[in-house]
Structures are given as structure tokens and as C-alpha cells.
Asker: 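Below you'll find the structure I mean.
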Amino acid sequence: AADLAMTRRDYDSALSNYKLVHNDYKSQNAWKALACTYEAMAHAHLLSKAPSSSHLKSDIDQAYENALSTLAKYEASGSGDLHKQVCLMLKTRAAVGHAQALSAIGAHRDANLPLVRASAMDDSDIRAALLLERAAFSFIQCTPPMHRKFASYMILAGARYVRAGAIAGATRCYAYALPIMKGKSWGAAEEHLHSTLGRLMSRAGEKKTAMEFFRDAVRCEHLPKDAQ
């Protein structure tokens, strides 16, 4: 009934039905279904209220926090690698959905938090890099844009891409960060970006471009004259 109400855009009725069924799932310890219901409740909150509603953000945050805590119970109820991977996938979906919901209501400053938390859930460098890169873009959407935060998270994402051996992803992230750091008083950061991009270009076979980055790296002002 709740899903049918969602398709008919009767979001208030959908939310009421999700609240009814979630009590049944909780009493039956049906953790996976309960977590999915909490996510659906977050969607219903988002669609049923105006973005300016004073309680909208707190309702969305609470629904996703409940989803994640329930997924932790679901993870503890099983064993094996497949079960672990399913739980990780569900947690990542909840984190991405949470970030998207926050962005949709204009809470860009907080949209990075669920993504950053999800990036630390396991040891996968490529997964962490993707989440950190996505988190970085939330800072650009702020008013005013938080350029330094954006560059910092792009550098973090680039480092995880490097560890994963994803040269294209690492190059993209460092290239996003370089224009923000360039020409500022952050000489060490600029030198690091130039030298890292030089190494990445060299690994990709772009020797000429690599030499240009290395040349710019040794010209950074923070280096002493005898080191340039």
C-alpha cells in the first residue's frame, strides 16, 4: 500500500503506511526489510514537504541514521563474505541516498558527511575514492563555494585512486585541485600536485606533459633557490 501510494504521489499516505509496516518488521527482527523501509520513509519525507520546512532535514537525517543502525544489526545476524558484501552495498546505497537528499534540500555543507563516513567502511581504495570525490563536489555547491575544502577532498580522493592503481581517476582529481592551489600561498601543496601529476602522466606514457608538470614543481616558491 505504501509503495502504491508513492507511485500515486500521495506521499503523506505512503509515509503513514511505512510507519505502520516498520513496526511489524521490527517485531519480527526483519532487519533488511526494516532498513529499506527507513530509507523509503526518508524519500517520503523529502517528497511530501517543502524544502524550507523546519523539520525536513532532521526527519531525513533520523530516517537514514535508523537505516544504518538497522543495517548494522542485519550485518551482525549473518556471516560469510557474500553477506558482508551485500551489507556493504546496502550501507553505501543509504549513504549516497542520504547525501543526495541533503543536496536536494540545499544542505550542501552537510551532504559530504554520509559519503565520508561510508568511505571508511572497508578497505576498498577504489570505492573510497569514488565516495570522497563525490563528497568534494558538495563543497562547490555551497553558497559561497568552499573551494579549499573541495580541493582538499579531491586530493584525498586522488590519493586513494593512486593506491587503487586507477591512474585516470587520480589524474582527474589532482587536476581539479591544481587550479585552486595554484598561485596561492600554499607552495608545498602546489609542488605536491605538480610532482604527483608529473608521475601520473609518466606512468600513462605522456612524457612531454609529465616534464611540464615536473618543471612547474621545481619552480614553486616555497623551495629554496638551490633546490629549484
Asker: Indicate if Met201 and Tyr174 have the same hydrophobic cluster label, given that clusters are the connected sets of ILVMFWY residues with side-chain heavy-atom separations under 4.5 angstrom.
Answerer: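 Yes.
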Asker: Between Met41 and Leu15, which heavy-atom pair has the shortest distance, and what is it?
Answerer: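 Looking at all heavy atoms of both residues, the closest pair is O-CD1, 3.9 Å.
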Asker: Applying side-chain contact (heavy atoms from CB on, under 4.5 Å) to Arg93 and Cys36, what does each step give before you reach the verdict?
Answerer: CA-CA 10 Å; Arg93 184 185 70 182; Cys36 293; 3.4 Å; yes
Asker: Going hydrophobic residue to hydrophobic residue with side-chain gaps under 4.5 angstrom, can you get from Val162 over to Ile126?
Answerer: no
Asker: Take atom OH in Tyr38; do more than 12 heavy atoms of anything else shown fall under 6.0 Å from it?
Answerer: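 Count over threshold, so yes.
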Asker: So do Ile180 and Met154 actually touch side chain to side chain, heavy atoms under 4.5 Å?
Answerer: no
Asker: Using side-chain heavy atoms (C-beta onward) and a distance below 4.5 Å, is Lys149 in contact with Asn112?
Answerer: no
Asker: Donor-acceptor pair, His83 side chain versus Tyr74 backbone, under 3.5 Å?
Answerer: yes
Asker: Say whether Leu47 and Tyr64 are linked into one hydrophobic cluster, either directly or through other cluster members, by side-chain heavy-atom distances under 4.5 angstrom.
Answerer: no
Asker: Return yes when atom CG of Asn29 has more than 12 non-hydrogen atoms of other residues, nucleotides or ligands closer than 6.0 Å, and no otherwise.
Answerer: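 Count over threshold, so yes.
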Asker: Would you compute the distance between atom CE of Met181 and atom CD1 of Ile155 and round it to the nearest 0.5 angstrom?
Answerer: 4.0 Å
Asker: What pair of heavy atoms forms the shortest contact from Ala210 to Gly198, and how long is it?
Answerer: CB-O, 3.3 Å
Asker: Please confirm whether the backbone N or O of Asp12 pairs with a side-chain atom of Ser16, one donor and one acceptor, at under 3.5 Å?
Answerer: yes
Asker: What closest approach, in Å, do Ala63 and Ala42 show between heavy atoms, and which atom pair accounts for it?
Answerer: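 What the structure gives for the nearest pair is CB-CB, 3.7 Å.
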Asker: Just checking, is any N or O donor in the side chain of Tyr161 or Glu133 under 3.5 Å from an acceptor N or O on the other one?
Answerer: yes
Asker: Parallel, tilted or perpendicular, judged at 30° and 60°: which one describes the rings of Phe150 and Tyr176?
Answerer: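 Perpendicular, since the angle between the ring planes exceeds 60°.
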Asker: Between CZ of Arg160 and OG of Ser124, what distance do you get to the nearest 0.5 Å?
Answerer: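 Between atom CZ of Arg160 and atom OG of Ser124 there are 8.0 Å.
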Asker: Using only atom types and a distance under 3.5 Å, with no angle test, would you say the side chain of Ser103 pairs donor to acceptor with the backbone of Gln100?
Answerer: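 Flag not set: sc Ser103 to bb Gln100 has no pair under 3.5 Å.
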Asker: At their closest point, which heavy atom of Ala157 faces which heavy atom of Cys173, and how far apart are they?
Answerer: CB-SG, 3.9 Å
Asker: Over all heavy atoms of both residues, which pair between Ala170 and Gly158 is shortest? Give the atoms and the distance, please.
Answerer: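 Heavy-atom minimum between the residues: CB-O, 3.7 Å.
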Asker: Let's go through Lys84 and Asp122 carefully: what are the C-alpha distance in whole Å and the side-chain angles of both, what is the deciding distance for salt bridge (Lys or Arg N to Asp or Glu O under 4.0 Å) to 0.1 Å, and is it a yes or a no?
Answerer: CA-CA 10 Å; Lys84 181 180 178 181; Asp122 76 333; over 6 Å; no
Asker: Quick one: do His98 and Asp61 satisfy side-chain contact (heavy atoms from CB on, under 4.5 Å)? Show the steps, please.
Answerer: CA-CA 7 Å; His98 192 181; Asp61 286 339; 2.7 Å; yes
Asker: Does a side-chain heavy-atom distance below 4.5 Å link Lys32 with Leu71?
Answerer: no
Asker: Determine, step by step, whether Leu131 and Val96 satisfy the side-chain contact (heavy atoms from CB on, under 4.5 Å) criterion, reporting the C-alpha distance in whole Å, the side-chain angles of both residues, the deciding distance to 0.1 Å, and the verdict.
Answerer: CA-CA 8 Å; Leu131 291 167; Val96 172; 4.1 Å; yes
Asker: Can a side-chain donor-acceptor contact be found between Ser202 and Arg199 if the only test is distance below 3.5 angstrom?
Answerer: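 Distance-only check fails for Arg199 and Ser202.
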Asker: How close do Leu34 and His22 get, counting heavy atoms only, and between which atoms?
Answerer: CD1-O, 3.5 Å
Asker: Report whether Leu156 and Leu115 are members of the same hydrophobic cluster (ILVMFWY, side-chain heavy atoms less than 4.5 Å apart, transitive linking).
Answerer: no
Asker: Does CZ in Arg172 sit with more than 12 non-hydrogen atoms of other residues, nucleotides or ligands closer than 6.0 Å?
Answerer: yes
Asker: Within the 4.5 Å heavy-atom criterion, are Lys91 and Glu75 side-chain neighbours or not?
Answerer: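 Touching, per the 4.5 Å side-chain cut-off.
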Asker: Take Met6 and Tyr18 through the test side-chain contact (heavy atoms from CB on, under 4.5 Å) and record every step on the way to the result.
Answerer: CA-CA 10 Å; Met6 287 286 282; Tyr18 285 131; 3.6 Å; yes
Asker: Is the shortest heavy-atom distance from the side chain of Arg127 to the side chain of Leu88 under 4.5 Å?
Answerer: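 With C-beta onward as the side chain, the pair touches.
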Asker: Rounded to the nearest 0.5 Å, how far does CD of Glu65 lie from OG1 of Thr70?
Answerer: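 Separation between the atoms: 10.5 Å.
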Asker: Is the shortest heavy-atom distance from the side chain of Leu4 to the side chain of Asn17 under 4.5 Å?
Answerer: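 Heavy-atom side-chain distance check fails, nothing below 4.5 Å.
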Asker: Rounded at 0.5 Å granularity, tell me how far CG in Leu102 sits from CD in Gln141.
Answerer: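 With rounding to 0.5 Å, CG (Leu102) is 11.5 Å from CD (Gln141).
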Asker: In Å and rounded to the nearest 0.5 Å, what is the OG1 to NE2 distance from Thr143 to His108?
Answerer: 6.5 Å
Asker: Are side-chain heavy atoms of His55 and His45 found at a separation under 4.5 Å?
Answerer: no
Asker: Would you compute the distance between atom OG1 of Thr37 and atom CG of Leu20 and round it to the nearest 0.5 angstrom?
Answerer: 11.5 Å
Asker: Same cluster or not: Leu113 versus Phe139, using hydrophobic residues (I, L, V, M, F, W, Y) connected whenever any side-chain heavy atoms lie under 4.5 Å apart?
Answerer: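 Different clusters: Leu113 never reaches Phe139 through Ile, Leu, Val, Met, Phe, Trp or Tyr contacts under 4.5 Å.
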Asker: For His43 and Tyr11, I'd like to know if the aromatic rings sit close, meaning centre-to-centre distance below 6.0 Å.
Answerer: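 Aromatic pair excluded; centres sit 6.0 Å or further apart.
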